[in-house]
Amino acid sequence: MGWIRTLVQATSLALSLMPAAQSAEAPASVPTGTKVVRFAFPAAETGFDPARISDIYSNQVIAHILEAPLTYDYLARPTELRTLTAAALPEHSADFTVWTVHIRPGIYFADDPAFKGQKRELTAADYAYAIKRYYDPRWKSPVYSEYREYHVLGLEELRQKALDTRRPFDYDAPVAGLQTPDRYTLRVTLGRPNPLFDLVMANTNSFGAIAHEVVEAYGQDVDAHPVGTGPFRLAQWRRSSLIVLERNPGYRDDFYDAHPAANDAEGQALLARFKGRKLPMIDRLEFAIIEQPQPTWLSFLSKDFDLVITPLEYAPIAAPGGHLAPNLVKQGIQLERVLRSDHAYTYFNMNDPVVGGYTAEKIALRRAISLAYDNMAEINRVRRGLGIPAKTMLVPNTYGYDPQQNFGFSEYDPAKAKALLDLYGYVDKDGDGWRDLPDGKPLLLRYFTQSDETSRQFNELWGKYMKAVGLHMEFVPGQWPDQFKLAQAGSVQIWALGNTATSPDGSGFLHEAYGPEAGANNLPFFKLPAYDELVRRVDQMPLGPERDALITQAQRLLAVYMPIKPHVHRIRLYLSQPWLLGYRTHPFALDFGRFVDVDLQKKSAALH
């Protein structure tokens, strides 16, 4: 499983964070000849402690600093696992409950004051420590709910002891499910089979190595001091504004290699150009947070950024008809059009007295709302054609996703919606023009939203389509982080989110409605024993037709009860300057800075 939350549209996300020790109003001057790549984020990071993050922007940063045992081949399509800090791919028991990975000797953390001048080697114990942190109540980790479902033997009991005694989590206590038989061997024992646990080992957010000395040195400020074994280290952090990474001078010898398909002309060309080059090839990576579309677009045209996700508002200008605009072609700008492994969706709080519940009339209301909203209109009008309608819960490029399946999530039929509402007593009883509840009380739908221009466009669509079937919807604006906290507490009636896959295991998206994760991954608080049992069986089953059949059954239940309405799988237009070499999006790996280069001569000529 595994996914990370994204904003459902390009909206602002500003959080109060602790700044790093080095902070300034502008990036430090860069020496001549330094290879720098600048990338614009449309929303802010939340921090750089893997135990406390779940958003894509923070994950993009830490993927360049911290390392998991495994990663994905940069050019292979379909995706392939490869080793990163591991000496070989992990071994597993016949029943997929015991997983063993051997870490390569001679890998070191970047230098940091926490190590008091000593060179610090990566060991298996660092991975064991990182996993324990997800269970430590002190960190309130959003990753904990996922690990709880993995059932690492002994860790849940250790967490409960800390909660019961109100004493610090005991990191030194022996744990049956986490063993290090020697300095470089980690053995993870699960309470139930998980045939795809190796995919967890390829995700920095769930398996990134962190040293206990760093956490002990910085405490709650550890999110401002990420120290890893990766190719970059944090040089500057101006919260919600600028993140600067610089090459880790102590990074081990690592050389470009990949395995693109034989018929992948682009991939083969990249391999021929870079094979054998020492990584990373650049010196500096900068992430600037620009939340408004116009300055993002103008900054890219002014060559202030090397790479940008085209804002929705400017997609028709950048790529009319899906093809790069002639004026951009003349400048040598490169376009990559990517169907992302994600979905944007709306959910209903199943505990809400208006839209929640499992009785026939409540199900009818949610299904009517879904039928009354036109996903294709959203794609064409607000998203400028950048998306395909979501007909299933699973997302492209993942196991179990079948584009031929259709569970009706994108069906638009206002006549059927009205018929359902009439049949179950949602009619206008007081003559004010709006439908009421079957008991005669006013029916008010409250849709939580943000206050930016794109959100207003979504709100206009929702308001229009709900009014067309007689449903009164009001919009509750607020800041995304504040609303997310309300959502976790079950205090939001209707809300929209986006989730992006972190691995090829598409079944993780079923956990958006999995009962044991209510208030975490499962924000609708959907609880249906028959559905939960299907998800548990899926999680314990290897890939194959039997697993796919169970995924189909689970999706049918969601289509009936409609706690979630998937809208769209988003398409992104990535624009890069002609001097940025080797960039290619990957469905799951986020550490692109490891593999790109900058042609300084071409850049100098373009800028002067």
Side-chain angles (χ1 to χ4, degrees), residues 345-378 389-393 405-448 461-476 490 492-497 510 512-515 518 522-532 534 552-567:
Y345 66 96
T346 294
Y347 78 82
F348 305 94
N349 183 349
M350 295 296 288
N351 294 331
D352 183 82
V354 176
V355 300
Y358 299 82
T359 57
E361 73 274 10
K362 297 298 186 180
I363 295 171
L365 175 59
R366 293 191 297 272
R367 296 189 68 178
I369 293 170
S370 177
L371 287 164
Y373 184 84
D374 188 355
N375 283 356
M376 278 307 303
E378 173 184 316
K391 300 176 181 179
T392 77
M393 278 290 293
Q405 287 186 321
N406 187 350
F407 296 96
F409 295 121
S410 285
E411 181 182 1
Y412 171 57
D413 193 331
K416 189 185 292 187
K418 290 179 181 178
L420 267 176
L421 294 168
D422 291 343
L423 179 64
Y424 285 92
Y426 294 97
V427 296
D428 180 9
K429 294 182 172 62
D430 57 11
D432 66 351
W434 298 110
R435 293 179 183 268
D436 298 303
L437 292 168
D439 63 4
K441 294 179 180 178
L443 168 55
L444 178 63
L445 303 177
R446 304 182 78 239
Y447 195 103
F448 285 67
L461 275 186
W462 270 106
K464 169 187 173 182
Y465 287 118
M466 294 304 100
K467 183 178 181 181
V469 296
L471 292 174
H472 186 193
M473 176 175 278
E474 73 172 17
F475 299 94
V476 184
V492 168
Q493 187 188 84
I494 306 173
W495 202 33
L497 281 172
L510 299 179
E512 291 173 351
Y514 181 51
N522 173 11
L523 291 178
F525 288 81
F526 182 66
K527 296 179 180 179
L528 187 70
Y531 177 82
D532 293 342
L534 285 171
T552 295
Q553 290 180 47
Q555 292 188 89
R556 285 175 179 157
L557 283 177
L558 292 182
V560 169
Y561 286 89
M562 198 63 70
I564 292 171
K565 175 184 171 61
H567 289 235

Next item on the list: Of all the heavy-atom pairs spanning F409 and Q555, show the shortest one and how long it is.
Entry: CZ-O, 4.1 Å
Next item on the list: For the pair L471 and Y465, evaluate side chain to side chain contact (heavy atoms under 4.5 Å, CB included) and give the outcome as yes or no after the intermediate values.
Entry: CA-CA 9 Å; L471 292 174; Y465 287 118; over 6 Å; no
Notebook entry, point to check: L557 and L528: which non-hydrogen atoms are nearest, and at how many Å?
Noted result: CD1-CD2, 4.3 Å
Margin query: Using 0.5 Å steps for rounding, measure from the OG atom of S370 to the CD1 atom of I564.
Written below: 11.5 Å
Item checked: Whether N375 side chain and H567 backbone form a donor-acceptor pair below 3.5 Å -> yes
Check: So which pairs with a foot in residues 434-447 pass salt bridge (charged side-chain N to carboxylate O under 4.0 Å, His left out), sequence neighbours left out?
Finding: D422-R435, R446-E474
Item checked: Under 3.5 Å: donor-acceptor pair, side chain of Y358, backbone of K527 -> yes
Note to self: Angle between ring planes, W462 versus Y373, binned at 30° and 60°: parallel, tilted or perpendicular?
What the structure shows: parallel
Checklist line | Approximate separation, where rounding is to 0.5 Å, of F526 CZ and M562 CE | finding: 11.0 Å
Checklist line | Gap between atom CG of L371 and atom CD of E411 - 0.5 Å precision | finding: 5.0 Å
Check: Quick one: are Y345 and E512 in side-chain contact, heavy atoms under 4.5 Å?
Finding: yes
Margin query: With a 6.0 Å cut-off (strictly less than), is the heavy-atom count around NZ of K429, excluding the residue itself, greater than 12?
Written below: yes
Checklist line | N/O donor-acceptor pair under 3.5 Å between K418 side chain and A368 backbone | finding: no
Checklist line | Pairs flagged by salt bridge (charged side-chain N to carboxylate O under 4.0 Å, His left out) wherever residues 462-471 is involved - sequence neighbours left out | finding: none
Next item on the list: Keeping the roles fixed (side chain from N522, backbone from Y514), state whether a donor-acceptor pair exists under 3.5 Å.
Entry: yes
Margin query: Can you confirm if the aromatic rings of Y561 and Y531 lie within a centre distance of less than 6.0 Å?
Written below: no
Notebook entry, point to check: With side chains defined as the heavy atoms from C-beta onward, is the minimum distance between V355 and L445 less than 4.5 Å?
Noted result: yes
Next item on the list: Any chance you could measure E378, atom CD, to T346, atom OG1, to the nearest 0.5 Å?
Entry: 7.5 Å
Check: How close do V492 and F448 get, heavy atom to heavy atom, and via which atoms?
Finding: CG1-CD1, 3.6 Å
Check: Which heavy atom in Q405 sits nearest to a heavy atom in T392, and how many Å separate them?
Finding: O-CG2, 3.6 Å
Check: Do other residues, nucleotides or ligands put more than 12 heavy atoms under 6.0 Å from K391 NZ?
Finding: no
Notebook entry, point to check: So L365 and Y424, side chain to side chain contact (heavy atoms under 4.5 Å, CB included) or not? Walk me through it.
Noted result: CA-CA 8 Å; L365 175 59; Y424 285 92; over 6 Å; no
Notebook entry, point to check: Do the side chain of Y426 and the main chain of E361 share a donor and acceptor less than 3.5 angstrom apart?
Noted result: yes
Margin query: Going by side-chain contact (heavy atoms from CB on, under 4.5 Å), name the residues that satisfy it together with N349, two or more places apart in sequence or in a different chain.
Written below: N351, D352, F525
Check: What distance do K565 atom NZ and F348 atom CZ have between them, rounded to the nearest 0.5 Å?
Finding: 8.0 Å
Notebook entry, point to check: Just how far is it from atom CG of L423 to atom NZ of K416, taken to the nearest 0.5 Å?
Noted result: 13.0 Å
Checklist line | Heavy-atom closest pair, residues P566 and M393 | finding: CG-SD, 3.6 Å
Checklist line | Distance-minimising heavy-atom pair for A554 and L510 | finding: CB-CD1, 4.2 Å
